[in-house]
Amino acid sequence: RSKKKERCLNEDLYPLEENKTCPCDQFLSQPFGNWSACILPSPPVFKSLQGWMRHREIKECGQGLRYRAVACIDHLGHLVNPALCIDSGYIVEVCHIPCPLDCKLSEWSSWSACSSSCGSGLKIRSKWLREKAFNGGRPCPKLDLKNQTLALFLLTEKQSSAKD
(Lines give C-alpha, C1' and ligand atoms only; values in the text may rest on other atoms or scores of the structure.)
Protein backbone atom coordinates (compact mmCIF):
# COMPACT_ATOMS: atom_id res chain seq x y z
CA ARG A 1 0.00 0.00 0.00
CA SER A 2 3.05 2.21 0.13
CA LYS A 3 3.54 4.67 -2.63
CA LYS A 4 7.12 3.35 -2.88
CA LYS A 5 5.95 -0.28 -3.29
CA GLU A 6 6.58 -0.49 -7.04
CA ARG A 7 9.93 1.04 -6.60
CA CYS A 8 10.90 -1.45 -3.85
CA LEU A 9 9.94 -4.45 -5.95
CA ASN A 10 12.44 -3.57 -8.67
CA GLU A 11 15.20 -6.03 -7.72
CA ASP A 12 17.63 -4.56 -10.23
CA LEU A 13 17.58 -1.24 -8.40
CA TYR A 14 16.94 -2.61 -4.92
CA PRO A 15 18.23 -6.18 -4.64
CA LEU A 16 16.94 -8.23 -1.75
CA GLU A 17 20.22 -10.18 -1.57
CA GLU A 18 23.78 -9.27 -2.34
CA ASN A 19 26.53 -11.73 -3.07
CA LYS A 20 30.26 -11.56 -3.31
CA THR A 21 32.66 -14.28 -4.40
CA CYS A 22 34.73 -15.77 -1.63
CA PRO A 23 38.48 -15.83 -2.01
CA CYS A 24 39.59 -19.35 -2.85
CA ASP A 25 42.98 -20.77 -1.97
CA GLN A 26 42.46 -23.98 -3.92
CA PHE A 27 44.18 -24.38 -7.25
CA LEU A 28 44.04 -27.05 -9.89
CA SER A 29 47.26 -28.26 -11.48
CA GLN A 30 47.18 -29.68 -14.99
CA PRO A 31 49.99 -31.01 -17.15
CA PHE A 32 50.67 -28.56 -19.97
CA GLY A 33 52.38 -29.25 -23.29
CA ASN A 34 54.36 -32.28 -24.33
CA TRP A 35 57.03 -34.22 -22.46
CA SER A 36 60.62 -33.20 -23.09
CA ALA A 37 63.05 -35.61 -24.71
CA CYS A 38 64.61 -38.14 -22.34
CA ILE A 39 67.66 -36.46 -20.77
CA LEU A 40 70.47 -38.66 -19.53
CA PRO A 41 72.47 -37.64 -16.46
CA SER A 42 75.74 -35.86 -17.25
CA PRO A 43 78.93 -37.59 -16.15
CA PRO A 44 81.11 -35.63 -13.75
CA VAL A 45 83.59 -33.34 -15.46
CA PHE A 46 87.10 -33.80 -14.15
CA LYS A 47 89.43 -30.83 -13.68
CA SER A 48 92.20 -32.71 -15.43
CA LEU A 49 90.12 -32.68 -18.61
CA GLN A 50 89.66 -28.90 -18.31
CA GLY A 51 85.93 -29.10 -19.04
CA TRP A 52 86.23 -31.41 -22.04
CA MET A 53 84.86 -34.92 -21.83
CA ARG A 54 86.26 -37.85 -23.68
CA HIS A 55 83.77 -39.44 -26.09
CA ARG A 56 83.54 -42.71 -24.15
CA GLU A 57 82.37 -40.86 -21.02
CA ILE A 58 79.28 -39.43 -22.73
CA LYS A 59 76.28 -41.65 -22.08
CA GLU A 60 74.07 -42.27 -25.10
CA CYS A 61 71.62 -44.74 -23.60
CA GLY A 62 70.21 -45.87 -20.27
CA GLN A 63 67.93 -44.39 -17.61
CA GLY A 64 67.20 -40.66 -17.71
CA LEU A 65 64.50 -38.13 -16.86
CA ARG A 66 61.92 -36.25 -18.88
CA TYR A 67 60.02 -33.12 -17.89
CA ARG A 68 56.57 -31.61 -18.48
CA ALA A 69 55.28 -28.17 -17.53
CA VAL A 70 52.38 -27.78 -15.09
CA ALA A 71 49.66 -25.15 -15.52
CA CYS A 72 48.17 -23.89 -12.26
CA ILE A 73 44.56 -22.69 -12.50
CA ASP A 74 42.48 -20.82 -9.92
CA HIS A 75 38.75 -21.30 -9.20
CA LEU A 76 37.85 -18.84 -11.97
CA GLY A 77 39.85 -20.77 -14.58
CA HIS A 78 42.68 -18.23 -14.77
CA LEU A 79 46.34 -19.21 -14.97
CA VAL A 80 48.26 -18.35 -11.82
CA ASN A 81 51.86 -18.80 -10.71
CA PRO A 82 52.71 -22.54 -11.10
CA ALA A 83 54.54 -22.42 -7.77
CA LEU A 84 51.11 -22.25 -6.07
CA CYS A 85 50.42 -25.80 -7.28
CA ILE A 86 53.84 -27.41 -7.38
CA ASP A 87 57.23 -26.19 -6.15
CA SER A 88 59.15 -26.56 -9.41
CA GLY A 89 56.44 -25.72 -11.97
CA TYR A 90 57.04 -29.02 -13.76
CA ILE A 91 56.64 -32.75 -13.23
CA VAL A 92 59.43 -35.28 -13.71
CA GLU A 93 59.22 -38.86 -14.94
CA VAL A 94 61.86 -41.57 -15.28
CA CYS A 95 62.46 -42.61 -18.91
CA HIS A 96 64.76 -45.06 -20.69
CA ILE A 97 66.73 -44.76 -23.93
CA PRO A 98 67.44 -48.27 -25.21
CA CYS A 99 71.09 -49.06 -25.89
CA PRO A 100 72.09 -50.40 -29.30
CA LEU A 101 72.63 -54.15 -29.42
CA ASP A 102 74.91 -55.77 -31.98
CA CYS A 103 73.96 -58.84 -33.96
CA LYS A 104 75.00 -62.00 -32.12
CA LEU A 105 75.86 -65.25 -33.85
CA SER A 106 76.72 -68.62 -32.32
CA GLU A 107 80.24 -70.02 -32.39
CA TRP A 108 81.28 -71.97 -35.48
CA SER A 109 79.99 -75.52 -35.61
CA SER A 110 82.35 -78.42 -36.26
CA TRP A 111 83.23 -79.17 -39.86
CA SER A 112 80.88 -81.57 -41.57
CA ALA A 113 82.15 -84.75 -43.20
CA CYS A 114 83.45 -84.37 -46.75
CA SER A 115 80.68 -84.58 -49.34
CA SER A 116 82.72 -86.90 -51.54
CA SER A 117 84.63 -90.04 -50.65
CA CYS A 118 86.95 -89.60 -53.60
CA GLY A 119 88.11 -86.54 -55.54
CA SER A 120 86.98 -82.99 -54.81
CA GLY A 121 84.46 -82.57 -52.04
CA LEU A 122 82.90 -79.98 -49.82
CA LYS A 123 82.99 -79.50 -46.04
CA ILE A 124 80.65 -77.06 -44.29
CA ARG A 125 80.51 -75.39 -40.91
CA SER A 126 77.94 -72.82 -39.78
CA LYS A 127 77.01 -70.10 -37.34
CA TRP A 128 73.39 -69.48 -36.28
CA LEU A 129 71.66 -66.25 -35.47
CA ARG A 130 71.31 -65.82 -31.70
CA GLU A 131 70.11 -62.16 -31.56
CA LYS A 132 69.24 -59.67 -34.28
CA ALA A 133 70.72 -56.17 -34.19
CA PHE A 134 68.56 -53.64 -32.32
CA ASN A 135 68.40 -49.86 -32.06
CA GLY A 136 71.29 -49.09 -34.40
CA GLY A 137 73.60 -51.92 -33.31
CA ARG A 138 76.10 -53.57 -35.68
CA PRO A 139 74.08 -55.52 -38.26
CA CYS A 140 74.48 -59.21 -39.04
CA PRO A 141 76.46 -60.40 -42.06
CA LYS A 142 74.42 -61.76 -44.96
CA LEU A 143 72.60 -64.79 -43.66
CA ASP A 144 70.69 -67.61 -45.29
CA LEU A 145 67.24 -66.09 -44.76
CA LYS A 146 65.45 -69.42 -44.46
CA ASN A 147 67.67 -70.91 -41.75
CA GLN A 148 69.24 -67.66 -40.39
CA THR A 149 72.69 -69.23 -40.72
CA LEU A 150 76.09 -68.15 -41.98
CA ALA A 151 77.97 -70.96 -43.69
CA LEU A 152 81.65 -71.40 -44.54
CA PHE A 153 82.56 -73.85 -47.26
CA LEU A 154 85.89 -75.60 -47.68
CA LEU A 155 86.68 -77.25 -50.97
CA THR A 156 88.93 -80.25 -50.48
CA GLU A 157 90.62 -82.54 -52.93
CA LYS A 158 91.59 -85.98 -51.84
CA GLN A 159 94.60 -87.33 -53.68
CA SER A 160 94.95 -91.03 -54.21
CA SER A 161 98.43 -92.48 -54.11
CA ALA A 162 98.82 -94.53 -57.30
CA LYS A 163 101.88 -96.68 -57.72
CA ASP A 164 103.48 -97.02 -61.16
Side-chain angles (χ1 to χ4, degrees), residues 7-112 122-155:
R7 205 170 122 203
C8 289
L9 292 176
N10 185 346
E11 288 186 25
D12 290 335
L13 288 175
Y14 305 102
L16 299 175
E17 289 181 356
E18 288 186 341
N19 55 39
K20 184 178 179 182
T21 57
C22 299
C24 184
D25 291 336
Q26 291 186 348
F27 302 99
L28 174 67
S29 65
Q30 291 183 324
F32 183 77
N34 296 325
W35 286 99
S36 72
C38 191
I39 301 169
L40 298 172
S42 298
V45 178
F46 303 103
K47 290 181 182 178
S48 63
L49 297 174
Q50 298 178 5
W52 295 95
M53 292 184 290
R54 293 182 297 229
H55 178 71
R56 64 184 172 89
E57 291 176 336
I58 299 171
K59 288 182 71 176
E60 297 174 356
C61 61
Q63 186 173 306
L65 299 173
R66 64 183 190 159
Y67 301 86
R68 190 172 187 187
V70 172
C72 190
I73 301 168
D74 67 10
H75 68 285
L76 297 173
H78 298 119
L79 286 173
V80 294
N81 184 346
L84 295 171
C85 289
I86 188 169
D87 290 339
S88 61
Y90 54 88
I91 50 179
V92 181
E93 182 177 86
V94 173
C95 55
H96 186 80
I97 297 175
C99 294
L101 294 175
D102 296 338
C103 169
K104 290 185 183 167
L105 299 176
S106 68
E107 295 298 319
W108 284 107
S109 67
S110 300
W111 284 104
S112 68
L122 197 64
K123 288 184 174 186
I124 302 172
R125 68 178 183 169
S126 304
K127 285 187 175 195
W128 291 268
L129 177 68
R130 286 181 33 214
E131 289 182 41
K132 288 186 176 182
F134 174 74
N135 199 40
R138 188 177 64 231
C140 296
K142 274 204 164 180
L143 299 174
D144 172 313
L145 295 178
K146 183 177 178 186
N147 298 318
Q148 294 289 295
T149 60
L150 175 68
L152 181 64
F153 301 96
L154 175 67
L155 186 60

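Keep in mind that this is a model prediction, so the values were computed, not measured. All heavy atoms count here, side chains included; hydrogens, waters and symmetry mates do not.
- The neighbour count for N81 CG, taken as heavy atoms of other residues, nucleotides or ligands under 6.0 Å away, is above 12.
- Residues L105 and P141 meet the side-chain proximity criterion, which asks for heavy atoms closer than 4.5 Å.
- Legend: residues meeting side chain to side chain contact (heavy atoms under 4.5 Å, CB included) with P139, ordered by chain and number and at least two apart, are absent.
- Applying the salt bridge (Lys or Arg N to Asp or Glu O under 4.0 Å) test to pairs two or more places apart or on separate chains, those with a residue in residues 90-103 are R66-E93, D102-R138.
- Closest heavy-atom contact between C61 and L40: N-CD1, 3.5 Å.
- Here CD1 of I86 is found 14.5 Å from CZ of F27. Values are rounded to the nearest 0.5 Å.
- Annotation: the span from Q30 atom CD to C72 atom SG amounts to 10.0 Å, rounded to 0.5 Å.
- Nearest heavy-atom pair across C140 and L129 is SG-CD1, 3.6 Å.
- The NZ atom of K104 sits 4.5 Å away from atom CD of E131, with the distance rounded to the nearest 0.5 Å.
- Nearest approach of P41 to G64, heavy atoms of both residues: CD-CA, 4.3 Å.
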Verdict with supporting geometry, I73 and V80, side chain to side chain contact (heavy atoms under 4.5 Å, CB included): CA-CA 6 Å; I73 301 168; V80 294; over 6 Å; no
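- The ring pair (Phe, Tyr, Trp, His ring centres under 6.0 Å) test applied to Y90 returns Y67, not counting sequence neighbours.
- Between atom SG of residue C85 and atom CD of residue Q26 there is a gap of 11.0 Å, rounded to the nearest 0.5 Å.
- Counting all heavy atoms, side chain and backbone alike, L79 lies closest to A71 at CD2-CB, 3.8 Å.
- Atom CD in E107 sits 10.0 Å away from atom CZ in R125 (nearest 0.5 Å).
- The two residues F134 and P98 come nearest to each other via the heavy atoms CE2-CB, 3.9 Å.
- Put simply, OG on S112 and CG on L122 are 7.0 Å apart, with the number rounded to the nearest 0.5 Å.
- Between K123 and W111 the shortest heavy-atom distance is O-CZ3, 3.5 Å.
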